[in-house]
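One structure is given below, encoded as structure tokens.
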Amino acid sequence: MEAEANSGSPEDSWAFIQRPGEGCRTVPLAGHVGFDSLPDQLVNQSVSQGFCFNILCVGETGLGKSTLMDTLFNTKFEGEPATHTQPGVQLQSNTYDLQESNVGLKLTIVSTVGFGDQINKEDSYRPIVEFIDAQFEAYLQEELKIRRLLHNYHDSRIHACLYFIAPTGHSLKSLDLVTMKKLDSKVNVIPIIAKSDAISKSELTKFKIKITSELVSNGVQIYQFPTDDEAVAEINGTMNAHLPFAVIGSTEELKIGNKMVKARQYPWGTVQVENEAHCDFVKLREMLIRVNMEDLREQTHSRHYELYRRCKLEEMGFKDTDPDSKPFSLQETYEAKRNEFLGELQKKEEEMRQMFVQRVKEKEAELKEAEKELHEKFDRLKKLHQDEKKKLEDKKKSLDDEVNAFKQRKTAAELLQSQGSQAGGSQTLKRDKEKKNNPWLCTE
């Protein structure tokens with residue numbers, strides 16, 4: 001083989017090395033090499049690491065979501081029954097470690113508590129979409145780290161969404177159509193008719209046809225079991241025709257004949273959960289767990305997550321090709337994005353600086369205006385004070401003049417009074433003297 005690979009001129013040899021995509025030659029092996037054990041190695045490695053599977057149960061309160069999960073995995077998961085009094089839709093996530101034979105499974109069940117219980121159901125789907133996107137974002141952030149630990153990372157991305165449809169027998173509710181339409185590009189949606197024993201078989205058949213017709217007419221893309229693998233193509237093709245599955249859940253075991261089976265006891269009879277003539281529970285379990293669990297995981301990663309990742313990276317400015325349809329270098333993209341970011345940062349800094357200068361100028365103008373108003377007010381008060389002072393001085397002068405005039409009048413009056421009293425006293429002395437000199441005046 002070495003002679004065959006190295007035959008020819010050096011240019012031919014280098015040409016073969018430099019163009020590996022032009023085709024590969026098939027050569028026979030002279031003996032056993034051992035790389036046929038790769039599948040066994042992969043199986044052993046996967047079994048030792050364990051598996052994870054995440055299920056999202058969407059449906060109105062009281063449709064038996066928790067009971068169906070208990071029935072599917074043949075166990076009793078912890079949980080409290082939800083009430084119809086929730087103010088909004090809340091997503092409750094619980095993770096369990098399950099072991100079957102030597103295979104470990106980390107199972108996460110996410111329930112939509114309060115879904116469909118509100119009067120205004122317009123935005124009931126929004127918390128579900130945000131939760132799914134949050135799991136994608138967490139995985140993307142882990143993937144973008146310099147030191148990634150994806151082999152130890154607990155993948156919380158939703159692999160399957162079981163959408164529980166109420167057994168009305170008529171048609172899908174607007175809430176169901178809107179929610180499934182919002183979810184079909186983000187998760188593998190598998191519609192199931194819950195508590196299907198509530199309607200008759202003929203009504204159930206018509207209901208399935210009606211649901212399928214409404215999903216197609218509204219463009220809702222539900223998960224289709226893959227038919228490209230010959231090993232499961234036939235069974236998956238058959239099961240695709242049975243969607244949506246009509247299921248019943250029960251953890252109660254009853255004795256039917258000589259064996260104990262999971263069933264629901266009614267006054268009119270018994271409904272067996274694992275009896276395919278009674279419901280599609282066995283079909284759901286086969287398709288969801290025993291046949292297509294790995295495909296659901298693969299579809300989540302290669303289709304839904306890749307779509308989210310692509311959109312997110314395009315928002316960040318990363319592309320596969322440039323405008324000239326040439327391959328885009330990650331380093332060039334990073335540098336271009338970095339320069340763009342620095343340019344925007346510099347532009348924002350300049351805008352903030354100009355805004356700061358403008359605000360300082362505005363504040364200075366306001367302060368100058370306030371200072372001017374204060375000076376004007378001070379001048380007005382000063383002038384008013386001077387006017388008041390002048391008026392007071394004028395009043396004081398007037399009062400002083402009046403006081404002086406009063407004093408002058410008082411002095412004159414006292415002088416006149418004293419003069420009058422002196423004149424009166426001299427006349428009295430004169431009369432007394434005359435009386436002494438002329439006694440006849442006294443007789444008179």
Side-chain angles (χ1 to χ4, degrees), residues 53-84 91-96 98 100 105 107-117 158-169 176 180 188-201 203-205 207-208 211 222-223 239 242-256 259-293 296:
F53 192 66
N54 307 318
I55 301 178
L56 171 64
C57 298
V58 181
E60 299 177 4
T61 306
L63 288 181
K65 299 186 291 294
S66 300
T67 304
L68 183 64
M69 291 297 101
D70 293 346
T71 311
L72 269 175
F73 292 94
N74 198 23
T75 186
K76 179 65 177 176
F77 297 113
E78 298 176 358
E80 298 179 357
T83 63
H84 294 270
L91 279 87
Q92 187 176 18
S93 177
N94 295 297
T95 302
Y96 308 93
L98 306 180
E100 187 175 34
L105 178 66
L107 176 67
T108 300
I109 300 175
V110 183
S111 299
T112 53
V113 181
F115 181 79
D117 291 340
I158 300 300
H159 300 125
C161 171
L162 298 181
Y163 195 95
F164 288 69
I165 300 171
T168 60
D176 298 330
M180 281 193 278
N188 302 311
V189 179
I190 303 175
I192 58 176
I193 302 173
K195 296 186 175 181
S196 60
D197 54 342
I199 53 178
S200 64
K201 275 206 166 185
E203 290 175 337
L204 187 58
T205 303
F207 192 34
K208 282 189 175 185
I211 290 173
I222 64 174
Y223 173 74
M239 291 303 170
H242 285 84
L243 289 172
F245 292 134
V247 298
I248 302 167
S250 176
T251 56
E252 182 182 359
E253 291 190 349
L254 299 176
K255 188 174 183 179
I256 306 295
K259 61 179 182 178
M260 301 296 292
V261 297
K262 288 184 173 63
R264 298 185 71 89
Q265 182 72 48
Y266 293 101
W268 44 264
T270 304
V271 178
Q272 299 178 33
V273 173
E274 297 182 347
N275 189 335
E276 294 192 50
H278 292 177
C279 69
D280 297 331
F281 173 80
V282 174
K283 296 182 177 67
L284 174 64
R285 184 177 61 189
E286 289 288 325
M287 292 296 98
L288 181 66
I289 300 175
R290 300 182 179 180
V291 178
N292 297 300
M293 179 180 282
L296 287 165

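Just so it is clear, the structure is predicted and the values come from calculations on it, not from any experiment. The first residue in the sequence is number 1, and the count goes up from there.
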Are any non-hydrogen side-chain atoms of [X] and [Y] less than 4.5 angstrom apart?
| X | Y | answer |
| --- | --- | --- |
| L56 | L91 | yes |
| N94 | F77 | no |
| L288 | F53 | yes |
| F281 | L72 | yes |
| P244 | D280 | no |
| I55 | C57 | yes |
| I248 | S196 | yes |
| N292 | M239 | no |

Report task. Please work out which of the three classes, parallel, tilted or perpendicular, describes the rings of Y266 and W268, given edges at 30° and 60°. Result ->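 Answer is parallel, since the angle falls under 30°.
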Query - Derivation and outcome, side-chain contact (heavy atoms from CB on, under 4.5 Å), residues I289 and F73 - result: CA-CA 9 Å; I289 300 175; F73 292 94; 3.9 Å; yes
First locate atom [atom1] of [X], then atom [atom2] of [Y], and finally report the distance between them rounded to the nearest 0.5 Å.
| X | Y | atom1 | atom2 | result |
| --- | --- | --- | --- | --- |
| H278 | K201 | NE2 | NZ | 7.0 Å |
| R264 | T251 | CZ | OG1 | 8.5 Å |
| I222 | I190 | CD1 | CD1 | 9.0 Å |
| Q265 | Q272 | CD | CD | 10.5 Å |
| L204 | I199 | CG | CD1 | 4.5 Å |
| T270 | D197 | OG1 | CG | 11.5 Å |

Are the side chain of [X] and the backbone of [Y] linked by a donor-acceptor contact shorter than 3.5 Å?
| X | Y | answer |
| --- | --- | --- |
| S93 | V110 | no |
| T71 | S250 | yes |
| K262 | G249 | no |
| N188 | H159 | yes |
| N54 | I158 | no |

Taking all heavy atoms of [X] and all of [Y], pick out the closest pair and write down the distance.
| X | Y | answer |
| --- | --- | --- |
| F164 | L63 | O-CD1, 3.7 Å |
| P191 | I165 | CB-CD1, 4.0 Å |
| H242 | K208 | O-NZ, 3.4 Å |
| Y223 | L243 | O-CD1, 3.7 Å |

Report task. Check salt bridge (Lys or Arg N to Asp or Glu O under 4.0 Å) between E100 and all other residues, then give those that pass, not counting sequence neighbours. Result -> none
Report task. Would you please name every residue forming a salt bridge (Lys or Arg N to Asp or Glu O under 4.0 Å) with K195, sequence neighbours left out? Result ->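 Not a single residue meets the salt bridge (Lys or Arg N to Asp or Glu O under 4.0 Å) criterion with K195.
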Query raised in the report: Hey, are D117 and T61 close enough side-chain-wise for a donor-acceptor pair under 3.5 Å?
Result: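 Yes.
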Query raised in the report: Ion pair present between E276 and K283, side-chain N to carboxylate O less than 4.0 angstrom?
Result: yes
Report task. Starting from the C-alpha separation in whole Å, work towards a yes-or-no answer on side-chain contact (heavy atoms from CB on, under 4.5 Å) for K65 and L162. Result -> CA-CA 9 Å; K65 299 186 291 294; L162 298 181; over 6 Å; no
**Report entry** Neighbour count above 12 (heavy atom, 6.0 Å) for Q92 CD
**Finding:** no
Query raised in the report: Hey, mind stepping through V261 and N275 against side-chain contact (heavy atoms from CB on, under 4.5 Å) and telling me if it holds?
Result: CA-CA 9 Å; V261 297; N275 189 335; over 6 Å; no
Query - Intermediate values then yes/no, side-chain contact (heavy atoms from CB on, under 4.5 Å), V58 and C161 - result: CA-CA 7 Å; V58 181; C161 171; 3.7 Å; yes
